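Counting starts at 1 for both ligands and their atoms, in listed order. Bear in mind that the values here come from a model prediction, so they are computed numbers and not experimental data.
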Amino acid sequence: MTHTEAEILAQPDLWARTLDIARGPAAALRQPLRGPVALVGAGSSYYVGLAAAAYLEEHGFLNARAVPACAYRPRAGEAAVLISRSGTTTEALEAGEAARTAGVFVATVTCDPESPLTRLADAAVVLDFVHERSVVQTGSATSALLLLRALIDELAGRAPPVELPAELEQALATPVDAPEETAHLVVLGSGWRYGVACEAALKVQEMAQMWTERYPPLEYRHGPLSCAGDATLVVVLDPPDRRIHRLAADIKATGARVVLGRYDPLVELVRLQQLALRLSLRRGLNPDAPRHLTRSVVLNGSDHR
Ligand code: F1P
């Protein structure tokens, strides 16, 4: 078994532990999440922020934005939540330093208590039970998003999603299948599911070096549908209502295969991590060593200042 696969399968336990800290140490994040707040990260960590910012908006907190770390500029009166598995990504560190210099409240979500990003925070939440050797983020990203969801649910007076570890355990036994001819993946999701769709598509890019696209579902007809065909697999994260069923029919008419999500979008993300792993192995690749990638992007010298 590759260590990426082992890390994928470890997520039910990580999620249970994440929900435990949401009730305790992570409470320090609740206040900044009320907004105004910028959720900042790179790669998978940016997509976690994208999903969390939309989740905040859907729960009535209308003053949240997600920003790629490379594009972050501090705003007076706006807290910054910096998300980074390693806590060493150069753009995330630069964003944290800029926020501190501007006098902005800085909270961080990392997996390493000793990382430079953790150390510069006013409030640091550390998922120190997540130990990923992989380059490709799996449980670190889903645990960070689950943590933010649980905190936002509590801020909104809703029960946190305590059922998800068990739902994931069940879902891991029913992986998403992809026909042999699959060479093109499209993941569709609206609202907070769009950030989840971006992260799912990134897994397939990183592990299987496959062409992927991601859109809000009803956007797909507005041009990108022209690329759908026999080698296309389209996964829809939104609940299958009348409009989604109509969209699925239009997509199937192109020859593409459509899979409608059956579980919580975060659970569907893990099923797509499993799909990415299977596609990687089917293509004779090593998911533990994704081409051209490093576990953390650390830019040395002055070329990035
Ligand atoms: C961010 C990131 C990862 C990606 C790869 C390179 O890392 O882009 O999302 O999978 O590992 O780094 P981090 O800031 O979350 O540690």
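Judged by distance alone, the side chain of Lys203 and the main-chain N or O of Ala208 form no donor-acceptor pair under 3.5 Å. For the pair Arg193 (side chain) and Ser190 (backbone), a donor-acceptor distance under 3.5 Å is present. In this structure a side-chain-to-backbone donor-acceptor pair under 3.5 Å is missing from Asp112 to Gly87.
The heavy atom nearest to atom 6 (C) of ligand 1, out of those in Asp112, Thr294, Leu117, is found in Thr294. When Ala42, Ser44, Ser84, Gly41 are ranked by how near their heavy atoms come to atom 13 (P) of ligand 1, first place goes to Ser84.
Heavy-atom separations between Val135 and ligand 1 include at least one value shorter than 4.0 Å.
Note on Leu272 and Leu172: same hydrophobic cluster, where clusters join Ile, Leu, Val, Met, Phe, Trp and Tyr whose side-chain heavy atoms are under 4.5 Å apart, directly or indirectly.
Using a 30° and 60° split on the angle between ring planes, Trp192 and Tyr55 fall in the perpendicular class, above 60°.
A side-chain N or O of Gln11 and one of Thr142 form a donor-acceptor pair less than 3.5 Å apart.
Interface atoms of ligand 1 facing Gly43, defined by a heavy-atom separation under 4.0 Å, are 8 (O), 9 (O). The Arg85 neighbourhood of ligand 1 comprises atoms 11 (O), 13 (P), 15 (O), 16 (O), with distances under 4.0 Å to a heavy atom of that residue.
In terms of protein heavy-atom proximity, atom 12 (O) of ligand 1 is nearest to Arg295 O, 3.7 Å. In terms of protein heavy atoms, atom 15 (O) of ligand 1 is closest to Ser45 OG, 2.6 Å. Counting protein heavy atoms only, atom 14 (O) of ligand 1 is closest to Thr89 OG1, 2.5 Å. Atom 3 (C) of ligand 1 has its closest protein heavy atom at Gln137 OE1, 3.1 Å. For atom 10 (O) of ligand 1, the closest heavy atom belonging to the protein is Glu206 OE2, 3.2 Å.
Within a 6.0 Å radius of CZ in Arg243, other residues, nucleotides and ligands contribute 12 heavy atoms or fewer.
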